[in-house]
Amino acid sequence: MPTRPRKTPLRKTRTRSRPSPRLARSPRSSHARPASREKWVYLFDEGRADMKDLLGGKGANLAEMVRIGLPVPPGFVVTTRACNAFLSEGSRFPEGLWAQELAALRKLEKRTGRSFGDPENALLVSCRSGAKFSMPGMMDTLLNLGLNDAVVEGLASETGDARFAQDAYRRLVQMFGTVVLGLPHEPFEQVLERYRHQRGLQNDSALPLEDLKAITEAFQSLIREKAGRDFPQDPVEQLRLATEAVFRSWKGKRAVDYRNAAGIPHDLGTAVNIVTMVFGNRGEDSGTGVVTTRNVSTGEREMEGDYLSNAQGEDVVSGARPTLRISALKELHPKLYAQLGRICQKLERHFRDVQDVEFTIEQGRLWVLQTRDAKRTAQAAVRIAVELVGERLLRREEAVLRVKPEQLDFFLHPQFAPDDKKAARERGDLLATGLNVSPGAASGVVAFDADTAERWSREEKKAVIMVRPETKPDDVHGMLAARGILTSRGGRTSHAALVARQFGKPAVVGVSEMEVDCERRQLTVAGRVLREGDTVSIDGTTGEVFAGRLETLIPDLKDPYILKLLKWADDFRELGVYANADYPRDARKARELGAEGIGLCRTEHMFFEKDRLPHVQRMILARTDAERDEALARLLPFQREDFLGLFRTMEGQPVTIRLLDPPLHEFLPNHDGLLHDVTELETRLELRKGRPGTAELEEQLARKRRMLEAVESMREANPMLGLRGVRLGIHLPSLVRMQVRAILEAACQCAREGMRVLPKIMIPLIAHSNELRVEKETLESEARAVMKEQGQKVAYQFGTMIEVPRAALTADQIAEEAEFFSFGTNDLTQTTYGISRDDAETGFLSEYLHKRILPENPFATLDQRGVGSLMELAVKLGRKTRPGLDLGICGEHGGDPKTISFCHRLGLDYVSCSPYRVPIARLAAAHAALASR
Ligand code: PEP
Ligand code: MG
């Protein structure tokens with residue numbers, strides 16, 4: 001066949017095109033059932049960006065780009081509904097689909113002036129998955145459909161590049177074997193490796209034509225042998241089987257795992273995009289690349305990405321060949337670079353967000369193959385959202401909604417301690433520097449495959465760094481389980497980088513000097529060998545890789561963009577955000593991070609301090625009231641100082657102080673340990689009998705025995721349901737009086753100094769309003785006494801936690817005594833479920849979660865149906881009695897965005913969470929308020 005270079009540009013329609021002879025003859029098409037009314041297939045120019053449900057993200061955006069006049073290769077989309085129908089009809093095409101797909105193919109032929117299966121003028125297409133939400137690399141795609149033994153010859157003569165044509169065919173047969181027929185990758189890779197090895201080559205791009213021919217034949221034999229069928233020479237059959245394979249890939253394991261992790265519903269289905277092929281591997285004036293319209297690591301306003309000359313898209317994403325930075329395109333093809341810049345700007349303004357754009361240059365002509373909202377680091381997300389407001393592309397509330405509350409975790413993310421890092425460098429532990437593709441720091445043991453990473457992390461509770469040459473979609477479960485990801489290959493848009501950024505995992509990729517040998521389970525870098533299980537530290541913010549473990553620090557929230565975004569969030573939110581803080585240093589941090597009060601100070605934490613514990617124990621073990629009062633008197637000044645510190649730090653903001661809650665045995669030595677000590681001392685005394693120097697031992701033994709007796713007298717079968725909370729206060733009123741006195745004395749002192757104070761005294765674990773009445777009497781008489789002594793009046797509030805179902809069910813009675821409720825959802829979850837929170841989370845609860853008996857850990861995200869119903873009832877009953885009842889939450893759930901949204905809907909006044917979750921809670925509260933507008 002004579003060489004006939006293709007002169008006609010792809011989009012230019014030829015006046016006369018020969019329809020594919022195979023279209024009419026397709027055996028399946030001749031059996032086509034009568035067309036259904038449902039429109040299963042849309043040409044690109046029939047769709048729009050807002051049709052993502054039906055056309056998937058990729059298809060809808062391709063359609064939109066066609067609408068706004070960007071250069072997109074012609075194509076059509078098979079809808080997500082078609083996919084769902086196929087999957088629910090036992091893998092059969094729904095009625096009318098195939099006829100519509102063939103009709104669209106015919107239109108594509110017309111539009112391109114080419115024919116599917118025509119050796120002299122072949123139309124080649126790709127068949128790409130594309131769900132509503134992007135699931136990078138999780139589903140299947142096939143390229144170069146339409147090639148067969150005859151067409152490859154035609155393409156060779158048409159392009160004058162037989163090697164190119166053969167390589168395209170080789171790729172199709174390989175993809176067909178693995179994707180459509182489900183054969184493993186290895187045998188195909190082994191064939192390629194054999195030929196590369198024979199030629200002493202590193203990659204496939206230099207394999208000569210005759211090798212590619214032999215490889216294609218070998219692949220065809222492999223298919224025959226392993227799949228028991230021939231590679232289909234009929235392009236129409238290829239298309240049908242490819243469409244089916246892409247449909248099926250929606251249900252593939254890696255797609256299902258990814259959806260589970262990303263919270264994407266399983267019933268959306270994928271669309272299938274059939275797109276005219278354009279080739280980036282047609283010589284030096286061709287290439288392919290991926291760019292983001294801004295820097296998605298930092299948010300800076302600069303186009304960023306990778307480019308590969310003379311290559312196809314998969315070469316960029318797989319990281320198989322080292323890419324150039326996109327700025328290299330400026331040197332190579334300045335006009336195309338400028339065109340790309342203009343396209344990026346247009347896309348960004350049109351979609352009002354940073355875009356991730358895939359493009360191909362075919363012999364000097366630029367084609368856009370995809371655009372989507374770019375995945376970005378938290379840092380970039382915040383900066384971009386704030387800057388887009390400045391550029392008048394977004395309103396403030398939209399910017400606030402653009403950043404997920406959990407993303408703020410990054411700003412509070414561990415970073416390596418600078419001193420430790422410096423010391424590690426000086427020790428020579430800095431092994432290499434790679435690409436800093438996902439910020440944050442992580443140390444952990446090296447695991448060389450995803451299963452090991454997952455097992456070590458889940459079952460053995462190890463911090464793991466997953467190390468691979470490059471990652472593949474099959475590795476995602478290991479990446480999710482690992483603390484961080486490290487690869488020797490790949491760029492900023494590699495699979496590893498994308499997935500890490502999305503899930504906020506620190507990641508360093510493309511550490512080219514590191515050799516990863518997964519067979520021998522070791523990596524070699526800078527002359528050092530690290531084996532599986534050795535510890536490594538990665539800094540995803542700088543790209544550094546260290547041997548050993550480094551100390552990590554939580555950074556301050558100083559980024560100007562985040563400060564601005566949080567300020568906007570505060571303007572929108574209706575919930576107050578308080579912090580759970582026990583010490584002035586926690587309170588300071590909480591205020592720095594935006595807390596407006598303390599929602600829970602757990603006073604028992606103060607009791608555990610070294611200088612107080614002996615007095616606490618004496619108080620507990622006291623045999624007379626006088627002994628107890630004396631111990632309490634020693635504790636009083638400590639407590640007063642604690643509260644003074646908190647009041648001063650909070651400067652008039654509410655400070656909620658909970659009276660002592662835990663069972664007293666927690667302040668005493670452990671029973672089994674004491675028993676052991678007593679037995680040991682008894683044995684030693686026995687051995688020394690009659691010898692001098694036993695007096696001291698005898699005294700020690702007597703002390704231990706006294707303690708053991710006391711501990712035994714206090715033992716309870718279920719201490720968490722025993723003498724604790726309000727019950728303890730009723731049992732030991734002098735303890736309540738001491739705590740109230742400390743609070744009021746501190747408050748009076750502040751008031752005297754001219755400072756505003758707002759103490760809120762909170763009683764834990766109430767179940768019956770009578771408990772509260774008794775406690776209130778003790779408390780109020782002591783408060784009155786203190787204020788009288790001090791000659792000072794301070795306003796304080798008296799309230800309770802709602803932590804057991806009975807309290808919620810009788811909240812109307814409880815509200816008669818209490819001025820505020822704070823939902824202690826840790827205990828409320830424990831008592832509603834009847835699950836011990838101390839044991840469950842490390843015990844059977846993980847099995848429950850694994851088996852999906854529970855959809856979420858109810859100690860992390862509030863069980864809205866169960867525990868939430870009790871809260872709802874308590875809110876209703878409480879406010880019926882006392883309309884102005886102040887309501888908050890202080891269990892761990894108070895920092896969880898989903899729970900915060902629920903609390904907003906319940907009409908609570910505030911949420912209280914640990915200081916480091918305060919920014920997340922502020923943003924989540926704004927989201928909740930904006931969502932309910
Ligand atoms: C609770 O039960 O939710 C609570 C805040 O109290 P603690 O966790 O101290 O029991
Ligand atoms: Mg509690």
Side-chain angles (χ1 to χ4, degrees), residues 577-583 586 590 595 597-608 654-667 716 718-729 739 760-767 771-772 775 799-808 811 814 818 820-842 857-864 866-868 870-871 874-875 886-896 899-900 902-903 906 908-918 921:
V577 177
Y578 292 10
N580 294 353
D582 303 331
Y583 301 99
D586 303 340
I598 292 182
L600 173 64
C601 161
R602 293 174 161 108
T603 49
E604 61 268 20
H605 289 170
M606 301 156 167
F607 280 31
F608 280 113
V655 177
T656 314
I657 298 166
R658 177 178 77 184
L659 302 191
L660 202 67
D661 180 27
L664 292 179
H665 76 83
E666 288 194 9
F667 299 99
E716 292 174 300
N718 286 311
M720 294 312 278
L721 299 179
L723 185 64
R724 58 168 290 218
V726 66
R727 302 158 205 166
L728 190 61
Q739 290 202 292
K760 295 172 75 173
I761 304 175
M762 183 158 79
I763 311 299
L765 215 76
I766 212 87
E771 293 175 305
L772 210 53
E775 195 79 331
T800 185
M801 298 184 74
I802 302 290
E803 296 182 280
V804 302
R806 194 182 189 286
I814 289 177
F820 66 88
F821 287 174
S822 178
F823 289 99
T825 44
N826 302 334
D827 270 311
L828 192 56
T829 302
Q830 165 166 266
T831 52
T832 302
Y833 263 101
I835 287 180
S836 158
R837 63 172 151 139
D838 296 320
D839 306 313
E841 283 192 277
T842 50
N857 176 352
F859 291 104
T861 292
L862 190 89
D863 157 40
Q864 294 181 16
V867 180
L870 284 170
M871 289 171 70
V875 168
D886 178 54
L887 295 168
I889 177 174
C890 65
E892 293 312 307
H893 307 87
D896 167 63
T899 310
I900 291 170
F902 178 71
C903 291
L906 275 191
L908 299 197
D909 295 293
Y910 67 88
V911 296
S912 187
C913 54
S914 70
Y916 282 105
R917 289 203 72 83
V918 165

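This one's a predicted model, so the numbers in the text were calculated from it and none came from an experiment. In each ligand, atom 1 is the first atom listed, and ligand 1 is the first ligand listed.
For the pair Phe820/Asp909, no side-chain contact is recorded, criterion being any heavy-atom separation below 4.5 Å from C-beta on. You'll find the side chain of Cys913 reaches within 4.5 Å of the side chain of Val918, heavy atoms only. The side-chain heavy atoms of Ile761 and Ile657, taken from C-beta on, include no pair separated by under 4.5 Å.
For Asp827, the N, O or S atom with the smallest separation from the Mg ion (ligand 2) is OD2. The closest approach of Glu803 to the Mg ion (ligand 2), by N/O/S atoms, is made by OE2.
The protein non-hydrogen atom at the shortest distance from atom 10 (O) of ligand 1 is Arg837 NH2, 2.6 Å. Summary of contacts: the protein heavy atom closest to atom 6 (O) of ligand 1 is Arg658 NH1, 2.9 Å. Among protein heavy atoms, the minimum distance from atom 9 (O) of ligand 1 is reached at Arg602 NE, 2.7 Å.
Near Glu803, meaning under 4.0 Å from any of its heavy atoms, are these atoms of ligand 1: 1 (C), 2 (O), 4 (C), 6 (O). With ligand atoms numbered from 1 in the order given, ligand 1 contributes 5 (C) to contacts under 4.0 Å with heavy atoms of Leu600. Which parts of ligand 1 touch Met801 is read off a 4.0 Å heavy-atom cut-off, strictly below it: atoms 4 (C), 5 (C), 6 (O). Applying the 4.0 Å criterion to heavy atoms of Gly824 picks out, from ligand 1, the atoms 1 (C), 2 (O), 3 (O).
Heavy atoms of Asn826 found under 4.0 angstrom from ligand 1 belong to the backbone as well as the side chain. Residue contacts with ligand 1, taken as heavy atom pairs separated by less than 4.0 Å, do not involve Leu828 at all. Contacts between Glu892 and ligand 1, counted as non-hydrogen atom pairs separated by less than 4.0 Å, are absent for every part of the residue. Residue Gln830 does not touch ligand 1, judged by heavy-atom distances below 4.0 Å.
The backbone N or O of Met606 sits nowhere less than 3.5 Å from a side-chain atom of Asp582 that would complete a donor-acceptor pair. Side chain of Glu716 to main chain of Leu723: a donor-acceptor pair is present (N/O by atom type, distance under 3.5 Å, no hydrogens or angles).
Using cut-offs of 30° and 60° for the angle between ring planes, the His605 and Phe608 rings count as tilted. Using cut-offs of 30° and 60° for the angle between ring planes, the Phe667 and Phe607 rings count as tilted.
For the pair Asp827 and ligand 1, the shortest N or O to N or O distance falls below 3.5 Å.
Heavy atoms only, all atoms of each residue included: His893 and Thr899 are closest at O-CB, 3.4 Å. Summarising the geometry of Ile889 relative to Ser822, their closest heavy-atom pair is C-OG, 4.0 Å, with the distance given to 0.1 Å.
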